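Presented below is the structure to which this report refers.
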Protein chains: 2
Amino acid sequence: MQSALLEHIQTKISLKAEEQELLLSKIESKKISKKELLLQEGEICDFLCFVAKGCLRLYIINEKGNEQTLQFGIENWWITDYMSFDNQKPSHFYIQAVENSEIVLIHKNDIEYLFSEIPQLERYFRMILQKSFAASQMRIKFLFTMSAEERYHHFNNSFPEFVQRVPQYMLASYLDFSAEFMSKIRSGKI
Amino acid sequence: MQSALLEHIQTKISLKAEEQELLLSKIESKKISKKELLLQEGEICDFLCFVAKGCLRLYIINEKGNEQTLQFGIENWWITDYMSFDNQKPSHFYIQAVENSEIVLIHKNDIEYLFSEIPQLERYFRMILQKSFAASQMRIKFLFTMSAEERYHHFNNSFPEFVQRVPQYMLASYLDFSAEFMSKIRSGKI
DNA sequence: TAAAAAACTTGAAGTACTTCAAGAAATAAG
DNA sequence: CTTATTTCTTGAAGTACTTCAAGTTTTTTA
């Protein structure tokens with residue numbers, strides 16, 4: 001799973017052997033089982049998390065006590081509360097494994113050190129973040145312009161294989177409608 | 001307005017004199033008047049836009065022909081369609097000046113050249129994008145958990161001076177409700 | 001393989017908004 | 001100043017969803 005990260009990084013930049021070693025020495029690879037929490041509301045997020053295998057999600061628990069998923073992260077994506085990470089303030093979010101997963105963590109201190117030793121890494125994360133923000137701009141467009149049913153069909157067409165991997169109620173909340181409404185859309189009763 | 005950009009960059013990284021000169025040689029500073037368009041749907045966005053003075057917005061025109069504002073950019077913010085910029089594909093968005101403004105553009109070719117000559121710039125943009133994405137994560141949280149009225153009051157409390165600068169109907173669409181509903185919220189009739 | 005837990009479905013009732021249409025107020029332009 | 005344009009307001013009617021509650025199916029665990 002370390003190598004999954006290295007490989008992904010090397011699709012964007014190239015690292016010398018000693019840089020690769022340094023990087024590997026500063027990361028923490030671990031397995032995390034389904035439903036296990038990586039971050040809880042109120043904790044400070046001091047890591048960047050790369051998903052080598054499996055699926056994680058970032059969610060909140062709203063006033064009514066319901067979970068609402070804001071982001072999913074699958075293979076080769078990063079998932080992190082950047083607000084908490086940047087400012088080292090308590091998080092508003094939970095991060096949880098949706099499947100048994102293999103992840104790679106880089107802690108805040110270590111990433112700062114790595115940036116200083118391997119300046120190219122800044123480029124890698126700039127590219128990652130640029131893609132993430134671009135996706136986020138499109139996401140807001142979809143939320144603003146499509147009805148619940150359109151969002152469901154659009155997502156289904158765009159990521160048919162992913163839809164099979166997560167419970168419907170998580171996907172419903174990600175698309176910003178209720179699980180019951182999703183069920184009605186799927187049954188064609190709407 | 002060039003110096004506004006240089007100053008902002010130097011709050012995050014430090015540049016040598018020759019790097020500053022190189023940067024200044026590759027940017028395009030211009031004035032843009034209220035309502036003028038910087039980007040239209042269907043065009044390819046080949047620039048990053050820094051707002052030195054004034055206010056711009058990124059918006060769409062939906063199926064009913066109504067404008068919906070997805071982002072505002074004021075002094076010291078960047079506003080760009082990153083999806084179109086990254087992939088050099090036609091944009092889904094319009095970018096327009098909300099006030100008479102002073103902006104700085106960096107074109108795609110130039111930014112790539114600048115990154116190669118001034119690696120530290122990658123760091124600056126990584127930091128910018130990390131903040132932007134963090135803000136975007138919070139924005140989705142607010143959209144998911146707050147009612148229209150709560151979103152209005154929260155925004156009003158967070159950015160009271162900004163609320164004065166833009167027409168209410170733009171702000172309403174940014175907060176994802178209708179101009180008429182905003183009017184009712186403000187009058188206390190809801 | 002039985003029991004428990006998690007996920008999905010269904011219908012009925014409610015609600016937070018939107019849409020429409022028309023007029024009033026504020027701002028900009030000549 | 002005077003008119004045109006843009007922005008804001010108001011009420012009435014409509015709708016795309018949510019919520020609740022209960023039952024069914026599927027998956028997980030022991």
Side-chain angles (χ1 to χ4, degrees), chain A residues 33-37 54-55 57 59-69 72 96-101 142-156 162-190, chain B residues 33-37 54-55 57 59-69 72 96-101 142-156 162-190:
Chain A
S33 3
K34 188 171 171 170
K35 298 203 177 155
E36 201 178 320
L37 287 168
C55 178
R57 66 171 177 144
Y59 69 96
I60 53 164
I61 297 185
N62 66 20
E63 299 153 332
K64 288 164 203 143
N66 298 324
E67 298 173 357
Q68 289 185 273
T69 298
F72 290 106
Q96 184 194 47
V98 178
E99 303 170 351
N100 293 330
S101 303
F142 295 143
L143 286 170
F144 275 25
T145 57
M146 293 179 178
S147 69
E149 194 175 1
E150 287 168 335
R151 293 199 297 279
Y152 171 73
H153 290 306
H154 181 261
F155 193 87
N156 234 333
F162 178 73
V163 173
Q164 307 305 319
R165 284 174 68 173
V166 298
Q168 282 175 39
Y169 73 90
M170 282 187 198
L171 189 52
S173 76
Y174 176 80
L175 295 173
D176 202 19
F177 47 75
S178 68
E180 292 91 336
F181 196 65
M182 175 116 163
S183 188
K184 283 162 197 173
I185 291 171
R186 282 166 46 90
S187 73
K189 290 185 180 155
I190 223 77
Chain B
S33 4
K34 187 170 171 172
K35 296 203 179 155
E36 201 178 322
L37 286 167
C55 178
R57 65 171 178 143
Y59 69 97
I60 52 164
I61 297 184
N62 67 19
E63 298 153 332
K64 288 163 203 144
N66 298 325
E67 298 173 356
Q68 288 186 273
T69 299
F72 290 106
Q96 184 193 46
V98 178
E99 303 169 352
N100 293 330
S101 303
F142 295 143
L143 286 170
F144 276 26
T145 56
M146 292 181 179
S147 70
E149 194 175 359
E150 287 168 336
R151 292 199 298 278
Y152 171 73
H153 290 307
H154 181 260
F155 193 87
N156 234 333
F162 178 74
V163 173
Q164 307 305 318
R165 286 174 68 172
V166 298
Q168 282 176 40
Y169 73 90
M170 283 187 198
L171 189 53
S173 76
Y174 176 81
L175 295 174
D176 201 20
F177 47 76
S178 68
E180 293 92 335
F181 197 65
M182 175 117 163
S183 189
K184 284 163 196 172
I185 292 171
R186 282 166 46 90
S187 73
K189 289 184 183 157
I190 223 79

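Residue numbering restarts at 1 for every chain, and letters A, B, ... go by the order of the sequence lines. These numbers were taken from a predicted model, which means no experiment stands behind them.
- When the C1' atom of D/dT27 is taken as reference, atom CD of A/Gln164 falls 16 Å away, rounded to whole Å.
- Within the 4.0 Å cut-off from OP1 or OP2 of C/dA28, at least one side-chain nitrogen or oxygen of B/Lys34 is found.
- Here the side chain of A/Arg165 pairs a donor or acceptor atom with the backbone of A/Gly54 at under 3.5 angstrom.
- Checking the phosphate oxygens (OP1, OP2) of D/dG11, no side-chain nitrogen or oxygen of B/Lys184 falls inside 4.0 Å.
- The shortest distance between the side-chain N/O atoms of A/Ser187 and the OP1/OP2 oxygens of C/dT10 is below 4.0 Å.
- Under the side-chain contact (heavy atoms from CB on, under 4.5 Å) criterion, A/Ser173 pairs with A/Gln68, A/Thr69, not counting sequence neighbours.
- A/Arg151 contributes atom CZ, which lies 9.0 Å from atom OG1 of A/Thr145 (distance to the nearest 0.5 angstrom).
- Taking the centre of each ring, B/Phe155 and B/Tyr174 come in below the 6.0 Å mark.
- When each of C/dC17, C/dT10, D/dC17 is scored by its nearest atom to the side-chain atoms of B/Ala148, the top-ranked nucleotide is C/dC17.
- The pair B/Glu67-B/Arg57 counts as a salt bridge, with a side-chain nitrogen and a carboxylate oxygen less than 4.0 angstrom apart.
- Inter-residue side-chain proximity for A/Val163 and A/Leu171 is flagged as met; some heavy-atom pair is nearer than 4.5 Å.
- Between the side chain of A/Ser101 and the backbone N or O of A/Glu99 there is at least one donor-acceptor pair closer than 3.5 Å.
- For the pair B/Lys64 and A/Met182, both in contact range of DNA chain C, the more 5′-proximal nearest nucleotide belongs to A/Met182.
- Residues from residues 167-174 of chain A with heavy atoms under 4.0 angstrom of DNA chain C, sorted by number: A/Pro167, A/Gln168, A/Tyr169.
- In this entry the distance linking CD1 of A/Ile185 with P of C/dT10 reads 13 Å, nearest Å.
- Between the A/Ser33 side chain and the A/Glu36 main chain, no donor and acceptor come within less than 3.5 Å of each other.
- The six-membered or imidazole ring of A/Phe177 lies away from that of A/Tyr152, with a centre-to-centre distance of 6.0 Å or more.
- Computed from C1' positions of five pairs at each end, the angle between the two local axes of the helix from C/dT1-D/dA30 to C/dG30-D/dC1 equals 60°, rounded to 10 degrees.
- Considering only side-chain atoms of B/Phe181, the nucleotide from C/dC8, C/dC17, D/dC20 that sits closest is C/dC17.
- With distances taken from any side-chain atom of A/Ser147 to the nucleotides D/dC17, C/dA6, C/dC8, the minimum falls on D/dC17.
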